[in-house]
Amino acid sequence: MDSPAQPERTPDGRHIVVKGRKWRATDPEIPEDVAARLRRHLMAARRAVAESRRKDDTAAEKRARSRVRTAKVALGERGTPWWEESLAERRRRWEDGLGELDADQPL
């Protein structure tokens, strides 16, 4: 049985299963320190979405949602499936995404 920190994965490893729903898994080739930084950006962006909604600030919400998307794409959870990309394309995806997020809002 999987621990709570490690959700169930499909046999091909491409998706995780949470409460019966399949979600695309993070690219397993991303070095853990890079993936951790991307997840911190993702969580900060999600908090910014919530804060902008509380303040009814649609411009801030749009910027925050864009950062959420950038983080999710960099993690391989959105955009072109990571298993359809070469390792060089995958590396470029996460490096470009992290560079953009760091430039926008350093952690």
Side-chain angles (χ1 to χ4, degrees):
M1 188 163 159
D2 292 317
S3 70
Q6 297 296 318
E8 176 188 351
R9 285 188 170 257
T10 57
D12 62 11
R14 295 175 177 173
H15 297 87
I16 60 170
V17 180
V18 178
K19 296 181 182 178
R21 278 189 76 178
K22 281 186 358 181
W23 300 91
R24 193 182 310 172
T26 297
D27 183 343
E29 290 296 325
I30 301 175
E32 184 48 42
D33 62 320
V34 174
R37 286 174 58 201
L38 288 168
R39 285 190 296 269
R40 283 195 298 274
H41 277 294
L42 174 61
M43 295 293 89
R46 285 179 169 166
R47 286 189 299 273
V49 167
E51 182 177 342
S52 65
R53 292 191 65 178
R54 281 192 300 275
K55 294 179 177 180
D56 199 26
D57 185 341
T58 55
E61 182 180 354
K62 185 176 180 178
R63 287 189 305 273
R65 287 188 183 280
S66 177
R67 289 192 356 253
V68 167
R69 175 144 182 86
T70 298
K72 298 287 278 180
V73 168
L75 286 163
E77 297 173 10
R78 291 195 186 147
T80 302
W82 49 262
W83 56 88
E84 294 178 2
E85 296 178 308
S86 69
L87 185 53
E89 291 170 321
R90 292 159 74 178
R91 179 177 300 281
R92 188 170 34 258
R93 183 197 67 238
W94 76 65
E95 288 175 347
D96 289 352
L98 187 57
E100 183 179 334
L101 291 163
D102 280 344
D104 182 45
Q105 195 155 26
L107 294 176

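- Here Ala71 pairs with Leu42, Leu101 under the side-chain contact (heavy atoms from CB on, under 4.5 Å) rule; sequence neighbours left out.
- Annotation: side-chain contact (heavy atoms from CB on, under 4.5 Å) contacts of Ser86 (sequence neighbours excluded): Ala88, Glu89.
- Applying the ring-ring contact (aromatic ring centres under 6.0 Å, His included) test to pairs two or more places apart or on separate chains, none has a residue in residues 44-73.
- Annotation: salt bridge (Lys or Arg N to Asp or Glu O under 4.0 Å) contacts of Glu84 (sequence neighbours excluded): none.
- Using a 4.5 Å cut-off between side-chain heavy atoms of Ile, Leu, Val, Met, Phe, Trp and Tyr, with links allowed through other members, Ile16 and Met43 fall into different hydrophobic clusters.
- Among residues at least two apart or in separate chains, salt bridge (charged side-chain N to carboxylate O under 4.0 Å, His left out) pairs with a member in residues 71-83 are Lys72-Glu77.
- Closest approach of Ala25 to Gly13, counting heavy atoms only: CB-O, 3.8 Å.
- Distance CZ/Arg14 to NZ/Lys22: 10.0 Å, rounded to 0.5 Å.
- Atom-to-atom distance recorded for Asp102:CG and Arg37:CZ is 4.5 Å, nearest 0.5 angstrom.
- Residue Arg67 holds its CZ atom at 5.5 Å from CG of Asp104, rounded to the nearest 0.5 Å.
- Linking Ile, Leu, Val, Met, Phe, Trp and Tyr whenever their side-chain heavy atoms come within less than 4.5 Å leaves Trp23 and Leu38 in two separate clusters.
- Counting only distance, with no hydrogens or angles, the side chain of Ser66 and the backbone of Lys62 share no donor-acceptor pair below 3.5 Å.
- Scanning for side chain to side chain donor-acceptor pair (under 3.5 Å) contacts around Arg53 gives an empty result, with sequence neighbours left out.
- Considering only residues two or more places apart in sequence or on other chains, Arg63 meets the salt bridge (Lys or Arg N to Asp or Glu O under 4.0 Å) condition with none of them.
- A donor-acceptor distance shorter than 3.5 angstrom exists from the side chain of Arg24 to the backbone of Gly79, with no hydrogens or angles considered.
- Sorted by first and then second residue, the ring-ring contact (aromatic ring centres under 6.0 Å, His included) pairs with a member in residues 71-92 read His15-Trp83; sequence neighbours excluded.
- Annotation: salt bridge (Lys or Arg N to Asp or Glu O under 4.0 Å) contacts of Glu100 (sequence neighbours excluded): none.
- Applying the side-chain contact (heavy atoms from CB on, under 4.5 Å) criterion to Arg54, with sequence neighbours excluded, gives Ala50, Glu51.
- Residues Val17 and Pro7 share a closest heavy-atom pair of O-CB, 4.2 Å.
- For the atom pair CZ of Arg65 and CZ of Arg46, the computed distance is 10.5 Å after rounding to the nearest 0.5 Å.
- Placement of Trp94 and Val68 within a single hydrophobic cluster is found when ILVMFWY residues are connected by side-chain heavy-atom separations under 4.5 Å, directly or transitively.
- Applying the side chain to side chain donor-acceptor pair (under 3.5 Å) rule to Arg93 yields the partners Asp27, Glu85; only residues at least two apart in sequence or on another chain are considered.
- Atom OG1 of Thr80 is separated from atom CZ of Arg90 by 12.0 Å, given to the nearest 0.5 angstrom.
- Listed by chain and number, the residues in a salt bridge (Lys or Arg N to Asp or Glu O under 4.0 Å) with Glu29 amount to none (sequence neighbours excluded).
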